[in-house]
Amino acid sequence: MKNFLTQAACALALTAAASILPAAAQTFPTRPITLIVPHSAGGTSDILARTVAAEAAKILGQSIIVENKGGANGSIAAKTVATADPDGYTLLLATASTHGINPALYKNLNYDAIKDFTPVTLLATVPNVLVVNKEIRATNVQGLIAEIKANSNAFNMGSAGAGTPGHLAGEMFKQRAGLEFVHVPYKGGSPALADLIGGQVQFMFTTIPGAMPHIKANTLRALAVTSPRRSPALPDLPTMAESGLPGFQAISWHGVVAPAGTPAATIDTLNQALAKALATPEVRQRLMEEGAEAAGLGSKEFGTFIQQEIDTWAKAVKASGATAN
C-alpha cells in the first residue's frame with residue numbers, strides 16, 4: 001500500500017507539473033497561425049497564399065488562417081506583422097512590393113524590410129509579361145523598340161499604378177533600350193488592360209495571370225517575359241534577355257516572413273512545412289496555372305534574395321522618379 005501511495009503521489013506530482021509547463025514543453029504550433037496577405041482577396045497573391053497555406057496546414061497539424069489586409073502598396077500589412085509577437089503565429093506574405101520596391105518608393109516607410117522581419121522562405125516567382133495591342137505591328141521586343149524609336153510621341157505605356165512592378169519594369173525597359181514614351185498609371189491592372197485592348201495605351205508589363213485570357217483570345221500579343229528563364233506558363237515566349245536586353249529581370253514574387261526575433265526552431269518548422277507543401281504536385285500545378293513557379297529557399301538564402309531585390313528595385317525607382325509618402 002505504501003508503495004502504491006508513493007507511486008500515486010509521484011504520478012499526481014508529474015501530472016501537476018505537466019499542467020503548468022505545457023507552453024515550454026509542447027512543440028510549435030499548438031494553435032492556428034495567421035498569414036496576412038497585403039492585397040485584396042481574389043488576386044494572384046491571395047490565391048497563392050491560400051493554396052500553399054491549405055497544404056502546409058495539413059503538415060503542421062494546425063489551421064493557417066489567411067487574412068487580407070490591403071493598402072499602401074502592402075505597407076499596412078507589413079507594419080502589422082512587423083509589430084506582432086515574434087512567436088510564429090503571425091506571418092506575412094512578403095512580395096516584391098513590401099520587400100523590394102517599398103524601401104525605395106516610400107520616403108517615410110513605417111517598417112524596415114530587413115531589420116523588422118525574419119525570412120522564412122520564398123514560395124514562388126511570377127514573371128511579368130510584355131504585351132502590346134493589335135494595332136502594334138511588332139512581333140518581338142526588337143521590333144517594338146524600333147517602332148517606339150521611330151515615333152515615340154505615339155507610344156503610351158500603361159501600368160497598374162505608379163511604383164508597381166509593371167511600372168518599374170517599363171522604366172527598366174526605357175533605360176536599357178534608350179527609349180522615350182509616356183507612362184500612364186491606372187488604379188489596378190484590369191482597367192489598364194482594358195485600355196490597352198482599346199488602344200488608349202500601346203503596351204504594358206503585367207502579370208501573366210491577368211494577361212493570359214487576352215493572349216489566348218488573341219486580343220493582345222505577348223512579346224517576352226521579364227524573368228531570367230522562360231515561364232512554364234508560356235514556354236514558347238522568350239525572355240527580355242533573350243530578346244536583346246541582357247541582364248533584364250523584373251519579377252514579382254511571394255514569400256513568407258515572420259517578425260524579427262522569432263525563434264530559429266519555429267522558423268525551421270515553418271520552412272520545412274512550406275517546402276513540403278510546395279513539393280506536392282497539386283500545389284505546383286495550381287501555382288503554374290497562376291503563372292507562378294514554385295521556389296523554396298532556406299531562411300538565410302531568402303534573406304539574401306530580399307536584399308538583392310531591394311538593391312535591384314532601388315535603381316528602377318530612382319530612375320523612374322516615383323515617390324510615395
Side-chain angles (χ1 to χ4, degrees), residues 35-56 64 66-78 91-102 121-131 158-161 163-170 186-194 196 204-216 220 222 225-227 229-235 237 249-257 274 277-278 280 282-296 302 305-306 309 313:
L35 175 60
I36 297 180
V37 176
H39 301 290
S40 59
T44 300
S45 296
D46 180 63
I47 293 170
L48 188 152
R50 292 179 188 277
T51 299
V52 178
E55 192 64 32
I64 300 178
V66 175
E67 179 182 331
N68 299 93
K69 190 182 289 288
N73 214 30
S75 297
I76 295 173
L91 307 172
L92 173 71
L93 186 78
T95 68
S97 292
T98 65
H99 283 69
I101 295 170
N102 285 358
T121 191
L122 176 66
L123 297 179
T125 57
V126 186
N128 288 297
V129 59
L130 171 58
V131 288
S159 81
T164 59
H167 167 213
L168 297 178
Y186 289 80
K187 293 182 178 180
S190 294
L193 282 166
L196 177 61
M204 68 181 290
F205 290 85
T206 188
T207 61
I208 288 179
M212 188 66 85
H214 308 295
I215 295 171
K216 289 182 176 179
L220 291 178
V225 291
T226 62
S227 50
R229 301 183 306 276
R230 295 191 180 199
S231 169
L234 293 165
L237 199 64
Q249 178 177 320
I251 60 171
S252 295
W253 53 267
H254 303 81
V256 174
V257 296
L274 291 167
L278 288 171
T280 61
E282 296 81 7
V283 169
R284 298 182 79 87
Q285 177 62 33
R286 187 69 183 91
L287 295 189
M288 189 173 73
E289 291 171 359
E290 286 298 310
E293 187 174 353
F302 185 32
F305 174 88
I306 290 173
E309 282 291 289
W313 287 114

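Just so you know, residue 1 is the first one in the sequence shown, and it goes up from there.
Between the N68 side chain and the H39 main chain, a donor and an acceptor come within less than 3.5 Å of each other. With hydrogens and angles disregarded, no donor-acceptor distance shorter than 3.5 Å links the side chain of S159 to the backbone of H167.
To the nearest 0.5 Å, atoms CD1 (I64) and CZ (R50) are separated by 12.0 Å. With rounding to the nearest 0.5 angstrom, the CG atom of L122 is 5.0 Å from the CZ atom of F302. Once rounded to the nearest 0.5 Å, the distance linking CD1 of I215 with CD1 of I208 reads 7.5 Å. With rounding to the nearest 0.5 Å, the separation of OG1 in T51 from CG in L278 is 10.5 Å.
Here the closest heavy-atom approach between residue A211 and residue L193 is recorded as N-CD1, 4.4 Å. Between G42 and I47, the shortest heavy-atom contact is O-CD1, 3.6 Å. In plain terms, the two heavy atoms of F305 and I251 that are nearest each other are CZ-CD1, 4.4 Å. In terms of heavy-atom proximity, I306 sits nearest to H99 at CG2-O, 3.6 Å. Shortest non-hydrogen contact noted between A233 and G291 is CB-CA, 4.0 Å. Here the closest non-hydrogen pair linking P232 and E293 is CD-OE1, 4.0 Å.
Using a 4.0 Å cut-off between a side-chain N of Lys or Arg and a carboxylate O of Asp or Glu, E282 and R286 do not qualify as a salt bridge.
For the pair S227 and T125, the minimum side-chain heavy-atom distance is 4.5 Å or more. For the pair S75/N102, a side-chain contact is recorded, criterion being any heavy-atom separation below 4.5 Å from C-beta on. Residues T164 and S97 have side chains not in contact (no heavy-atom distance under 4.5 Å, counting atoms from C-beta outward). Side-chain contact between L93 and V66 is absent, with no heavy-atom pair separated by less than 4.5 Å. Residues N128 and S252 meet the side-chain proximity criterion, which asks for heavy atoms closer than 4.5 Å. Using a 4.5 Å heavy-atom cutoff, the side chains of T206 and V129 are in contact. Counting heavy atoms from C-beta outward, V126 and E290 have side chains that stay 4.5 Å or more apart.
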